[in-house]
Amino acid sequence: MQMIKFGEETRLAGIKISEGVAVARVCLFNEDRHANIPIYKVNKSERKKEKGRLIQAIQIGADQLSRVIVDVKKRIGDAESKIFIAQKMILEDTSIHDEMFDDIENEGANAEAAVIRVLDSYETRLLDVDNEYIKARATDIGEIKRRLLDILSEVTPSFLCTGIAQCQRGKNRIIVARELTPSLTVGLEKQQIVGFVTEHGGISSHAAILARAMGIPAVSGIQNIHSMVSCGTEILLNGNEGNVIIWPSQKTIAQYKSGKVYIPKGLYAVDPVDGMKVMANISRHQDIEEAVIVKAEGVGLYRTEFEFLAQGEILSEDEQFKRYKTVVMAMKGQPVYFRLIDVGGDKTADFLDLPAEINPALGFRGSRLLVARNELLAPQARALVRASEFGPVWVLYPMIVDLEQFLIMKQRFLEETADLNPGEIKHGVMFEVPSACLEAKKILKHADFASIGTNDLIQYLYAVDRDNEYVAYDYNPDKEALWNLITLIAKAAKDENRPLSVCGEIAGNKKYIIRLKEIGITRISVGIRQIPELRMGLK
Ligand code: PEP
Ligand code: MG
């Protein structure tokens, strides 16, 4: 284990869980509160009473969870509360009760021992399943076990410094825990917590989903962090890059601007400018509130797959409809480009049970995946058509490779929604695969609009992985081949009189915006917080 010296800046790499940067002192979550839980043999005459203790604990646990469900529904959202509904169902499962009662009645185990043995065995069995999604659900069993043990032993989840004067119980602190559990995440006041750092927990774990939904920066996968820091250690947590810096120097902090949570760009309104329509890229329906604040002229890219990834499951048609309707209504008649679920490649979704691939960037992804998985396309198409009653819906087909694929996708979309009454709906393509760009004119005769996704286009054009820092020097938007393709697409869009925008990262850079304008592109879509500054520069 790496030794940390007091006050000496130390960088540790982990994985990104939830975006944002925070600088604050640490509050260490007490992971060992059940280390000395009493385990003893119960006499035959006492076993009925012992069973009664357990029944009472289950009842109290279920009542607690009912309150958590109502609270989470109110504070975070309907969908997020389902995590606790599922936990309550497990807690109330009578076959699990019977196994625990059996341990007490026939083996003479005390209630604590019965809880530990039975729930540990369920947890182990789930962890053995070769499916990351199911493995992650073992966390729920662990949570139920800890809840029951807390009730039986009358302890409350606490921080290591509880009782000491400096203990802030997480207030204005970064919480460090071995594992971020859903209860820990939602049990703490959102406004008070600055961030989370954990040793374990994947991007699709429930806790990660909640941290993102609550907008709290988080990093996971920092080995042994729980033993390396103490309550009060200062750390800088970088949820954008997935690392932490222990005892960051003033110089390092200044790079991120010192403060509790540094939000990179401003959230203020600058009026739209002539000659360039600036729309917003969003990932979750909640983002739309900020898009309205900065006066975005529509949503030029709604990466809908993040709704699914954040939830860790396929959303029902109704659940999708609710979210899409919120976004469309907030935009008050301005277009919303809904990109159909674009998973695969770097965006792995365990809940979809996709085949393991040697080269996922060139595999089962984008529209190729949607053509094969109608159960993904159909509910989304229907939800979008229903949302179009409330404002314009522009459907963006991801990773289109040629005209034929676009026509198949559009046909499927129309078939699946034939019984519904659409409002204003347009069908467009993402130009991000070179083969499609080369036949832009042919495609644009059939598509209503298009958006150029330069992030992937650069990757596929130059055969350079966009996520690989070792080859980043070759990921260069300045090279001519990219601009030749963009010019070709812009000309095709002009000839066919189709709206064309750019939604890749280059659209947020003034140098490239000037070049795009020269080529005749008058619509871009960028991160919400980039909009004010970018418009100021275009005035
Ligand atoms: C792109 O590829 O440029 C794009 C906007 O989509 P994403 O970054 O989500 O792949
Ligand atoms: Mg893309």
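For this chain, numbers begin at 1 and follow the sequence in order.
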>> Quick test of your reading of the model: are D271 and R535 salt-bridged, counting only N-O distances below 4.0 Å?
In response: no

> Given K442 and D402, is the salt bridge (charged side-chain N to carboxylate O under 4.0 Å, His left out) satisfied, shown in steps?
Replying inline: CA-CA 9 Å; K442 199 163 117 188; D402 58 16; over 6 Å; no

>> Does atom NZ (K441) have a neighbourhood of more than 12 heavy atoms from anything else shown, all under 6.0 Å?
In response: yes

> Within the side chain of W394, is there an N or O that forms a donor-acceptor pair under 3.5 Å with the backbone of V299?
Replying inline: no

>> Against R382, only a single residue in E416, E375, E317 fulfils salt bridge (Lys or Arg N to Asp or Glu O under 4.0 Å); can you say which?
In response: E317

> For the side chain to side chain contact (heavy atoms under 4.5 Å, CB included) test, which of I245, V219, V244, N243 pairs with L12?
Replying inline: V244

>> Does the Lys NZ or Arg CZ of K325 fall within the cation-pi geometry relative to F390 - under 6.0 Å from the ring centre and within 45° of the axis?
In response: yes

> Does any N or O in the side chain of S525 come within less than 3.5 Å of the main-chain N or O of A280, such that one atom is a donor and the other an acceptor?
Replying inline: yes

> Which pair of non-hydrogen atoms, one from T198 and one from H200, has the smallest distance, and what is that distance?
Replying inline: OG1-O, 3.0 Å

> If every non-hydrogen atom of A436 is compared with every non-hydrogen atom of I400, which pair is closest and at what distance?
Replying inline: CB-O, 3.2 Å

> With no hydrogens and no angle check, is any side-chain donor or acceptor of R173 less than 3.5 Å from a backbone partner on A24?
Replying inline: no

>> Before you tell me yes or no, could you show the steps for V393 and E424 under side-chain contact (heavy atoms from CB on, under 4.5 Å), namely the whole-Å CA-CA distance, both residues' side-chain angles and the distance that decides it to 0.1 Å?
In response: CA-CA 6 Å; V393 165; E424 182 187 331; over 6 Å; no

>> So does V229 get a backbone contact from the side chain of T233, meaning a donor-acceptor N/O pair under 3.5 Å?
In response: no

>> I'd like to check I216 versus F196 (side-chain heavy atoms, cut-off strictly below 4.5 Å). Are they in contact?
In response: yes

>> Measuring from atom CG of L369 to atom CG of L376, what distance do you get when rounded to the nearest 0.5 angstrom?
In response: 6.0 Å

> Got V395 and K426 here, is their nearest side-chain heavy-atom distance under 4.5 Å?
Replying inline: no

>> Can you give me the closest heavy-atom contact between R386 and D318, atom names plus distance?
In response: NH1-OD1, 2.9 Å

>> Taking side chain to side chain contact (heavy atoms under 4.5 Å, CB included) as the criterion, tell me which of I489, L516, I513 meets it with I521.
In response: L516

>> Tell me whether K251 at atom NZ has more than 12 heavy atoms from other residues, nucleotides or ligands lying less than 6.0 Å away.
In response: no

> Does the Q334 side chain pair with the main chain of A296, one donor and one acceptor, at a distance under 3.5 Å?
Replying inline: yes

> Is R412 reaching over with its side chain to a backbone N or O of L377, donor-acceptor style, under 3.5 angstrom?
Replying inline: no

> Looking just at side-chain N and O atoms, do E9 and T252 make a donor-acceptor pair shorter than 3.5 Å?
Replying inline: yes

> Are K511 and D478 side-chain neighbours, meaning at least one heavy-atom pair lies under 4.5 Å?
Replying inline: yes

> What are the two closest heavy atoms between A440 and L488, and how far apart are they?
Replying inline: CB-CD2, 4.2 Å

> Is there a donor-acceptor pair under 3.5 Å between the side chain of R368 and the backbone N or O of Q405?
Replying inline: no

>> Quick check: do S451 and L396 have side-chain heavy atoms less than 4.5 Å from each other?
In response: yes

>> Could you walk me through whether M409 and L340 satisfy the side-chain contact (heavy atoms from CB on, under 4.5 Å) test, starting with their C-alpha distance in whole Å, then the side-chain angles of each, then the deciding distance to 0.1 Å, before giving a yes or no?
In response: CA-CA 10 Å; M409 287 287 292; L340 297 180; 3.9 Å; yes

> Got a second to check how far Q459's CD is from T454's OG1, nearest 0.5 Å?
Replying inline: 11.5 Å

>> Looking at E357 and G363, would you say the former's side chain and the latter's main chain have a donor-acceptor pair under 3.5 Å?
In response: no

>> With salt bridge (charged side-chain N to carboxylate O under 4.0 Å, His left out) as the criterion, how do E290 and R284 come out once you've worked through the C-alpha distance, each side chain's angles and the decisive distance to 0.1 Å?
In response: CA-CA 11 Å; E290 295 192 349; R284 307 281 320 268; over 6 Å; no

>> Any donor-acceptor pair under 3.5 Å linking the side-chain atoms of Y337 with those of R523?
In response: yes

>> When you compare the side chains of D287 and Y302, does any donor N or O come within less than 3.5 Å of an acceptor on the partner?
In response: no

> Which atoms form the tightest heavy-atom contact between C437 and L457, and what is the distance?
Replying inline: SG-CD1, 3.8 Å

> Taking the six-membered ring of Y462, is NZ or CZ of K479 closer than 6.0 Å to its centre and within 45° of its axis?
Replying inline: yes

>> Please report the interatomic distance CG(N497) to CZ(F449), rounded to the nearest 0.5 Å.
In response: 15.0 Å

> Would K16 and E241 satisfy salt bridge (charged side-chain N to carboxylate O under 4.0 Å, His left out), going step by step from the backbone distance to the final call?
Replying inline: CA-CA 6 Å; K16 312 179 216 183; E241 288 173 11; over 6 Å; no

> Do K491 and D495 pass the salt bridge (charged side-chain N to carboxylate O under 4.0 Å, His left out) test, and can you show the C-alpha distance, the side-chain angles, and the key distance before you say yes or no?
Replying inline: CA-CA 6 Å; K491 183 167 181 323; D495 291 351; 3.1 Å; yes

>> Determine whether a donor-acceptor pair (N or O, by modelled atom type, separation under 3.5 Å) exists between the side chain of Y324 and the backbone of V385.
In response: no

> What is the distance from atom CG of N238 to atom CD of E19, rounded to the nearest 0.5 Å?
Replying inline: 10.0 Å

> What is the ring orientation for H427 with F413, classed by angle as parallel under 30°, tilted 30 to 60°, or perpendicular over 60°?
Replying inline: perpendicular

>> side-chain contact (heavy atoms from CB on, under 4.5 Å), that's the test. Do Q380 and T304 meet it? Break it down for me.
In response: CA-CA 9 Å; Q380 187 168 36; T304 61; 2.9 Å; yes

>> Please give me the minimum heavy-atom distance between Y460 and A361, naming the atom from each residue.
In response: OH-O, 2.7 Å

> Should I314 and F308 be marked as a side-chain contact (heavy atoms from CB on, under 4.5 Å) after you check the CA-CA gap, both sets of side-chain angles, and the distance that decides it?
Replying inline: CA-CA 6 Å; I314 300 176; F308 296 69; 4.1 Å; yes

> Once you round to the nearest 0.5 Å, how far does CG of L236 lie from OG of S249?
Replying inline: 9.5 Å

>> Contact between N455 and E432 at the side-chain level, heavy atoms closer than 4.5 Å - yes or no?
In response: no

>> Nearest 0.5 Å, please: how far is CG in D456 from CE in M430?
In response: 7.0 Å

>> Any heavy-atom pair between the side chains of W483 and I519 that's under 4.5 Å?
In response: yes

> Are any side-chain N or O atoms of S388 and backbone N or O atoms of I425, one a donor and one an acceptor, separated by less than 3.5 Å?
Replying inline: no

>> What I'd like to find out is whether the side chain of I528 reaches to under 4.5 Å of the side chain of I293, using heavy atoms alone.
In response: no

>> Would you say that R303 contacts N281 through its side chain, given a criterion of any heavy-atom pair below 4.5 Å between the two side chains?
In response: yes

